[in-house]
> 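Below you'll find the structure I mean.
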Amino acid sequence: MIQHRTCDVAVIGAGAAGLAAAAECARSGLAALAIDREESAGGILRQCIHNGFGLRYFKEELTGPEYAHRVELLAKEAGAEFALGHTVSSIERREDSTFTLTTLSAADGVTRIDARAVILAMGCRERNRGNLAIPGTRPAGIFTAGSAQKLLNMEGMLPGHSAVIVGSGDIGLIMARRLRWSGVEVKAVVEIMPTPSGLPRNVAQCLEDFHIPLYLEHSVVGIHGRERVESVDVAPLRDGVPLLEQQFRIDCDTLLFSVGLLPENELAVPLGVAINPATGGAIVDADFQTSVPGVFAGGNVLHVHDLVDFVSLEATAAARAAVRYLAGDRPAERGTVTAGANLKYAIPNYFTPRRDTRFFFRPLLCCEEAELEATLDGEVIWKRCYRSIRPAEMMTADIPGTLLSAPGALRFRLTCKEEQSC
């Protein structure tokens, strides 16, 4: 028998973003329902047992599980409801501009949920070996960094005894340290880019402090082993092309991939949500509303963040916008936002004239002194100087509404006084 539920706002995902969004909606007096396919709330935070979370959102340093507990408690105390162990299979927008979500669960079977608005907070997933097309055999011992983290931190099992990590993303760097603490020999971290992908503090604390080699501008070009990984071949890169004549072999029984994250938008695309090719997430306006009216997005499902605190803060802002939307606040004007020189993207993709707006950017260069400039219809309206710019770290800019005076073309560009190799 099909179950039926109703709510004002359906929040898909009960991690750092979804819980913060559900809490904000419930605090505003709306019936908020947080839906997650896992049996417990908290998302990826539950397996991140290291500290460093919460300094901006809770003004206190927490571990991942502590952060998850705190934000779940906020949602429950605000009056949000939960549908855990429910996988959303589809979202349908009806003629009256409301939504019907279909979920599947072992306990309840099929459930239809009617909602007046939807907040996408599904987070992101890891890229894996299949995304890289590395040649070689297909033995056991190959993991994404996140799956190895879950195996070790939640299941209490070692993934192997000697490891090579492909990619220097933050999860991979943190796992290098975690594996070393657990007695696993970490032979190397191999990164195709000339700079690390993770935060500088993680490079220092997780690799340098443990004397783990980091091979920049190198690539794994072969995997060997029949039943279990036995070794990998590594080659330096020149203009992105492996120099196979200089390749060398590293013996190991475990290979971890930390090669980037992809926003989970399998539900958004069939709904008609336009996707930003620069981020893999939705195109949104200043209210974090997608191209489908009544559907909002925040957190890693929108663009991959470097700190979980920013995930919760952004999802809170999206929730506030959903509250305004349901109250009838629909801005009539908007201008376009473009990322110019040395910026991979700018979020949001549209701005609302005369409204204070926070913009998020991902730089493409390393530099110690930089200037971010904003022009509106070609006229410079704002500038700010930054220090220590790195691609691994997001940039933000708060532009007052007094400067966003008309619905024109807003363009940002980043200039570095001296580019660094870092």
Side-chain angles (χ1 to χ4, degrees), residues 11-27 32 34-85 119 121-126 144-157 169-182 198-202 204-206 209 258 261 264 298-301 304-319 392-394:
V11 182
I12 307 177
L19 291 170
E24 185 63 28
C25 289
R27 275 194 296 264
I35 310 166
D36 200 287
R37 62 193 174 198
E38 298 292 334
E39 297 293 338
S40 300
I44 195 71
L45 286 165
R46 294 183 298 117
Q47 66 188 53
C48 300
I49 63 174
H50 54 281
N51 59 6
F53 303 96
L55 289 172
R56 288 174 173 81
Y57 192 66
F58 289 108
K59 311 302 181 186
E60 182 181 353
E61 187 174 30
L62 305 169
T63 65
E66 288 172 333
Y67 189 106
H69 174 72
R70 291 277 190 92
V71 73
E72 181 183 5
L73 192 60
L74 288 179
K76 288 181 175 178
E77 290 178 342
E81 295 186 356
F82 291 79
L84 300 177
I119 297 178
M122 296 90 73
C124 54
R125 69 174 186 274
E126 294 179 280
T144 63
S147 63
Q149 183 183 58
K150 182 176 181 180
L151 185 70
L152 183 56
N153 292 346
M154 299 188 72
E155 305 296 333
M157 299 176 63
D170 286 312
I171 299 177
L173 297 176
I174 290 167
M175 277 305 296
R177 179 179 62 185
R178 183 72 176 93
L179 289 170
R180 180 62 66 87
W181 280 347
S182 300
L199 294 170
R201 74 182 189 204
N202 285 332
Q205 296 173 4
C206 301
D209 287 357
S258 178
L261 303 168
E264 289 270 17
N300 285 339
V301 76
V304 177
H305 293 60
D306 49 0
L307 294 177
V308 70
D309 301 68
F310 292 150
V311 166
S312 295
L313 290 168
E314 185 177 88
T316 299
E393 298 180 87
M394 274 193 338

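The structure presented is a predicted model; accordingly, all values stated were derived computationally and were not measured. Residue indices begin at 1 and follow the sequence shown.
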> Heavy atoms only: give me the nearest Phe53-Gly64 pair and the separation to one decimal.
CD1-N, 3.3 Å

> Just wondering, more than 12 heavy atoms not from Arg180 lying within 6.0 Å of its CZ?
yes

> Go through the structure and list residues passing side-chain hydrogen bond (donor to acceptor under 3.5 Å, both in side chains) with Arg27, not counting sequence neighbours.
Glu24

> Working to the nearest 0.5 Å, report the span between CD of Glu155 and OG of Ser147.
11.5 Å

> How long is the span from the CD1 atom in Ile35 to the CD1 atom in Ile119, to the nearest 0.5 Å?
11.0 Å

> Suppose the criterion is side chain to side chain donor-acceptor pair (under 3.5 Å): which pairs have a residue in residues 69-83, not counting sequence neighbours?
Arg5-Glu81, Glu60-Arg70, Glu72-Lys76

> Within the structure provided, determine whether Phe58 and Val71 are in side-chain contact (heavy-atom separation under 4.5 Å).
yes

> Kindly give the heavy-atom pair with the smallest separation between Val11 and Ala121, and that separation in Å.
CG1-CB, 4.3 Å

> About how many Å separate CD of Gln205 and CG of Leu199, when rounded to the nearest 0.5 Å?
10.0 Å

> Distance from Asn300 atom CG to Asp306 atom CG, nearest 0.5 Å?
9.5 Å

> Walk me through whether Tyr67 and Asp309 qualify under side chain to side chain contact (heavy atoms under 4.5 Å, CB included).
CA-CA 9 Å; Tyr67 189 106; Asp309 301 68; 4.1 Å; yes

> Show your reasoning for whether side chain to side chain contact (heavy atoms under 4.5 Å, CB included) applies to Glu126 and Leu261.
CA-CA 5 Å; Glu126 294 179 280; Leu261 303 168; 3.7 Å; yes

> What distance do Cys206 atom SG and Ile171 atom CD1 have between them, rounded to the nearest 0.5 Å?
12.0 Å

> Between Ala21 and Ala315, what is the shortest heavy-atom contact and its length?
CB-O, 3.8 Å

> Let me know which of Thr316, Val311, Val308 forms a side-chain contact (heavy atoms from CB on, under 4.5 Å) with Tyr57.
Thr316

> Output, in order, the C-alpha distance, side-chain angles, deciding distance and verdict of side chain to side chain contact (heavy atoms under 4.5 Å, CB included) for Met175 and Leu152.
CA-CA 10 Å; Met175 277 305 296; Leu152 183 56; 4.3 Å; yes

> Over all heavy atoms of both residues, which pair between Leu307 and Arg201 is shortest? Give the atoms and the distance, please.
CD2-NH2, 3.8 Å

> Considering all heavy atoms of both residues, which atom of Ala22 and which atom of Ala32 are nearest to each other, and what is their separation?
O-CB, 3.7 Å

> Looking only at heavy atoms, what is the nearest atom pair of Ala26 and Ala78, with distance?
CB-O, 3.4 Å

> State, with a plain yes or no, whether a side-chain heavy atom of Pro200 is found less than 4.5 Å away from one of Glu393.
yes

> When you measure from the side chain of Glu61 to the backbone N and O of Leu55, does any donor-acceptor pair fall under 3.5 Å?
no

> So, do Leu74 and Leu19 sit near enough that their side-chain heavy atoms are less than 4.5 Å apart?
no

> Only pairs under 3.5 Å count here: list side-chain donor-acceptor contacts from residues 44-52, not counting sequence neighbours, and write none if there are none.
| unit_1 | atom_1 | unit_2 | atom_2 | d |
| --- | --- | --- | --- | --- |
| Gln47 | NE2 | Gly146 | O | 2.9 |
| Gln47 | NE2 | Gln149 | OE1 | 3.0 |

